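If you're wondering where the values come from, they're calculated on a predicted model, not measured in any experiment. Numbering starts at 1 and runs along the sequence shown.
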Amino acid sequence: MSYNGGPMTEAMYYVLLALIRPNHGYQLMQSITDVSRGRLKMGPGTLYGVLSRMQKDGLIVLAKDDGRRKTYEITQQGEDALRMEYERLKSLIIDSSILEEGSR
């Protein structure tokens with residue numbers, strides 16, 4: 001299933017967020033843990049599945065492959081998609097402000 005501009009999975013969102021700076025596999029897993037403040041720890045199976053799918057969708061590219069490590073970076077299309085998802089998530093929070101208004 002390719003990315004069609006709809007809501008992203010949490011894994012996709014955090015991979016793109018972490019790829020604001022080009023990263024390779026292990027470093028990328030660490031960056032995802034850091035950017036999520038320890039809330040999300042992505043294993044290699046999930047990470048490489050997401051990377052493969054996002055590469056096919058044009059959201060990221062393989063920037064460097066030295067035989068030992070593959071370094072990925074976000075594309076302009078990926079950054080645009082990330083920003084759209086960020087705005088969507090902000091809207092969800094704003095729309096949910098009714099929960100902050102106290103008891104019914």
Side-chain angles (χ1 to χ4, degrees):
M1 178 163 128
S2 66
Y3 180 68
N4 62 6
M8 286 185 187
T9 66
E10 185 176 39
M12 287 175 67
Y13 184 80
Y14 277 102
V15 167
L16 288 176
L17 200 56
L19 283 176
I20 291 295
R21 293 183 189 90
N23 271 312
H24 60 81
Y26 179 75
Q27 185 181 40
L28 188 51
M29 285 189 281
Q30 293 299 107
S31 294
I32 290 166
T33 299
D34 292 346
V35 79
S36 69
R37 291 177 274 169
R39 194 179 57 74
L40 183 64
K41 294 181 191 321
M42 193 174 297
T46 301
L47 176 65
Y48 287 104
V50 170
L51 288 172
S52 176
R53 177 176 157 206
M54 289 178 23
Q55 196 174 3
K56 288 177 188 169
D57 291 342
L59 301 175
I60 64 171
V61 292
L62 182 60
K64 187 169 117 182
D65 184 354
D66 66 9
R68 275 191 39 209
R69 288 182 215 188
K70 294 180 179 181
T71 301
Y72 297 90
E73 65 185 19
I74 193 169
T75 63
Q76 186 60 55
Q77 180 183 348
E79 188 172 332
D80 293 346
L82 177 62
R83 291 184 184 283
M84 283 177 38
E85 181 66 1
Y86 173 69
E87 291 301 324
R88 187 187 76 80
L89 293 170
K90 278 191 345 187
S91 293
L92 288 174
I93 298 301
I94 292 167
D95 293 347
S96 300
S97 65
I98 193 168
L99 296 172
E100 300 287 327
E101 294 174 8
S103 56
R104 297 181 236 181

**OP:** Output, in order, the C-alpha distance, side-chain angles, deciding distance and verdict of salt bridge (Lys or Arg N to Asp or Glu O under 4.0 Å) for Glu79 and Arg83.
**Re:** CA-CA 6 Å; Glu79 188 172 332; Arg83 291 184 184 283; 3.1 Å; yes

Looking at [atom1] of [X] and [atom2] of [Y], how far apart are the two atoms once the value is rounded to the nearest 0.5 Å?
{"X": "Glu73", "Y": "Lys64", "atom1": "CD", "atom2": "NZ", "result": "11.0 Å"}
{"X": "Arg88", "Y": "Ile93", "atom1": "CZ", "atom2": "CD1", "result": "10.5 Å"}
{"X": "Met42", "Y": "Glu10", "atom1": "CE", "atom2": "CD", "result": "7.5 Å"}
{"X": "Ser52", "Y": "Ile60", "atom1": "OG", "atom2": "CD1", "result": "8.5 Å"}
{"X": "Asp80", "Y": "Thr75", "atom1": "CG", "atom2": "OG1", "result": "8.0 Å"}
{"X": "Tyr48", "Y": "Leu28", "atom1": "OH", "atom2": "CG", "result": "7.5 Å"}

Taking C-beta and beyond as the side chain, do [X] and [Y] meet within less than 4.5 Å on heavy atoms?
{"X": "Arg53", "Y": "Met12", "value": "yes"}
{"X": "Leu51", "Y": "Lys70", "value": "no"}
{"X": "Tyr13", "Y": "Leu82", "value": "yes"}

Subject >> Ile20-Met84 co-clustered via ILVMFWY side chain contacts under 4.5 Å >> reply: no

**OP:** Please answer: with hydrophobic residues joined when any side-chain heavy atoms are less than 4.5 Å apart, are Leu17 and Met54 in the same cluster?
**Re:**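 Yes; Met54 is reachable from Leu17 via cluster members.
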
Subject >> Which atom of Tyr72 lies closest to which atom of Leu19, heavy atoms considered >> reply: O-CD2, 3.3 Å

**OP:** Search all heavy atoms of Pro22 against all heavy atoms of Thr71 and return the closest pair with its distance.
**Re:** CB-CG2, 4.0 Å

Subject >> Asp57 (side chain) donor-acceptor with Leu59 (main chain) under 3.5 angstrom >> reply: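 Here the side-chain-to-backbone pair does not exist.
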
Sequence neighbours left out, cut at 3.5 Å: what donor-acceptor pairs do the side chains of residues 31-38 make with other protein atoms?
{"residue": "Ser31", "atom": "OG", "partner": "Asn23", "partner atom": "ND2", "Å": "3.3"}
{"residue": "Ser31", "atom": "OG", "partner": "Gln27", "partner atom": "O", "Å": "3.1"}
{"residue": "Thr33", "atom": "OG1", "partner": "Met29", "partner atom": "O", "Å": "3.2"}
{"residue": "Thr33", "atom": "OG1", "partner": "Leu40", "partner atom": "O", "Å": "3.3"}
{"residue": "Ser36", "atom": "OG", "partner": "Ile32", "partner atom": "O", "Å": "2.9"}
{"residue": "Ser36", "atom": "OG", "partner": "Thr33", "partner atom": "O", "Å": "3.2"}
{"residue": "Ser36", "atom": "OG", "partner": "Leu40", "partner atom": "N", "Å": "3.0"}
{"residue": "Ser36", "atom": "OG", "partner": "Leu40", "partner atom": "O", "Å": "3.4"}

